[in-house]
Amino acid sequence: MKNINTIYSILVKKYGLQNWWPTTLEKDLHPTYHGRTLNDKMRFEVVVGSILTQNTSWKNVEKAIIALNKGKLLSINGILKTPQKKLAAIIRSAGYFNQKAERLKIVASFFAKNGFKKLKKERIGKLRELLLALKGIGPETADSILLYAFEKPIFVIDAYTKRMCSYLGICKKDVSYDELQQMFMKKLKHNVKFFQEYHALIVAHAKNHYSKKPYHYSILK
DNA sequence: CGCCAGGGCCTCA
DNA sequence: TGAGGCCATGGC
């Protein structure tokens, strides 16, 4: 059985760097961004994406983000000033639009009150607590925001990660989020870019090899 | 037609 | 604390 460092090497060799967030934003919205420094507008766009992509394909999310941008609403104030009903209509393609419109409102007011600059100085544990306290932000969304928007070294677990690990016999099928996260973080070097890429690679691999049962992660066995 | 997507909340044991 | 229902569009 391969360990999780080896699995990373195999995946990156096969799929290459993913440069996930803000991928779409880089291409369509931020032509000058080259993966170096995020400004607060980009950070907020990552937050929006993390909400919209909950249990939803990224394709559908992209449409919603582009629609928001087209309406000049892809910002904290843009979200705040837009009636929730109207917001829901704009993000329709992302599904669960009523829930997600409410969630966008909630995170927007949170970041309006607590600026990114101030929040970025918080320790990671404290910041994670603050995010988890928001309605609509669970562990995966919180960790995605921490890793991709705040660039904090935390490993994101998702359904794919869990399925892959249990399939490979690395963890139990009913392993908890925190348990699996601890396992990754205990065995991996704590590095933001590395964590960002690893999570994205798991998703990339799952998309190609893991849409339907029976699962075959053959290259990883 | 059914199944799934870069989840999380609520309810009920 | 965990299982199950619910939210909803779009791709295949």
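Letters go in sequence order (proteins before strands), and every chain restarts at 1. This one's a predicted model, so the numbers in the text were calculated from it and none came from an experiment.
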Please determine whether side chain to side chain donor-acceptor pair (under 3.5 Å) holds for the pair A:Glu122 and A:Asn114, giving the CA-CA distance in whole Å, both sets of side-chain angles, and the decisive distance to 0.1 Å. CA-CA 11 Å; A:Glu122 293 283 359; A:Asn114 312 277; over 6 Å; no
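Residue side chain A:Lys63 does not reach the base of C:dG10 through any donor-acceptor N/O pair under 3.5 Å, judged by distance alone.
In this structure, A:His190 has its ring center under 6.0 Å from that of A:Phe195.
With B:dG8, B:dG6, C:dA8 as the choices, the nucleotide that has an atom nearest any side-chain atom of A:Phe97 turns out to be C:dA8. Considering only side-chain atoms of A:Asp158, the nucleotide from C:dT9, B:dG6, B:dC10 that sits closest is B:dG6. Nearest to the side chain of A:Ser93, among C:dG10, C:dA8, B:dC10, sits C:dG10. When the nucleotides C:dT9, B:dG6, B:dG7 are ranked by their closest atom to the side chain of A:Arg92, C:dT9 comes out on top. The side chain of A:Ser57 lies closest to B:dA5, out of B:dA5, C:dC7, B:dC10.
Applying the side-chain hydrogen bond (donor to acceptor under 3.5 Å, both in side chains) test to A:Arg92 and every residue at least two apart in sequence or in another chain returns nothing.
A salt bridge links A:Lys59 with A:Glu62: the closest approach of a Lys/Arg side-chain nitrogen to an acidic carboxylate oxygen falls below 4.0 angstrom.
Using N1 to N3 plus N6-O4 or O6-N4 for Watson-Crick, or N1-O2 and O6-N3 for G-U wobble, each under 3.5 Å, B:dT11 pairs with C:dA3. Base pairing analysis places C:dG11 opposite B:dC3; the two distances defining the Watson-Crick or G-U wobble pair are each below 3.5 Å.
Neither OP1 nor OP2 of B:dG6 sits under 4.0 Å from any side-chain N or O of A:Asn55. Neither OP1 nor OP2 of B:dA5 sits under 4.0 Å from any side-chain N or O of A:Lys207. Residue A:Thr141 places at least one side-chain N or O closer than 4.0 Å to OP1 or OP2 of B:dG8.
Both stacking criteria are satisfied for A:Trp58 over the base of B:dG6: a centre-to-centre distance under 5.5 angstrom and an angle between ring planes under 30 degrees.
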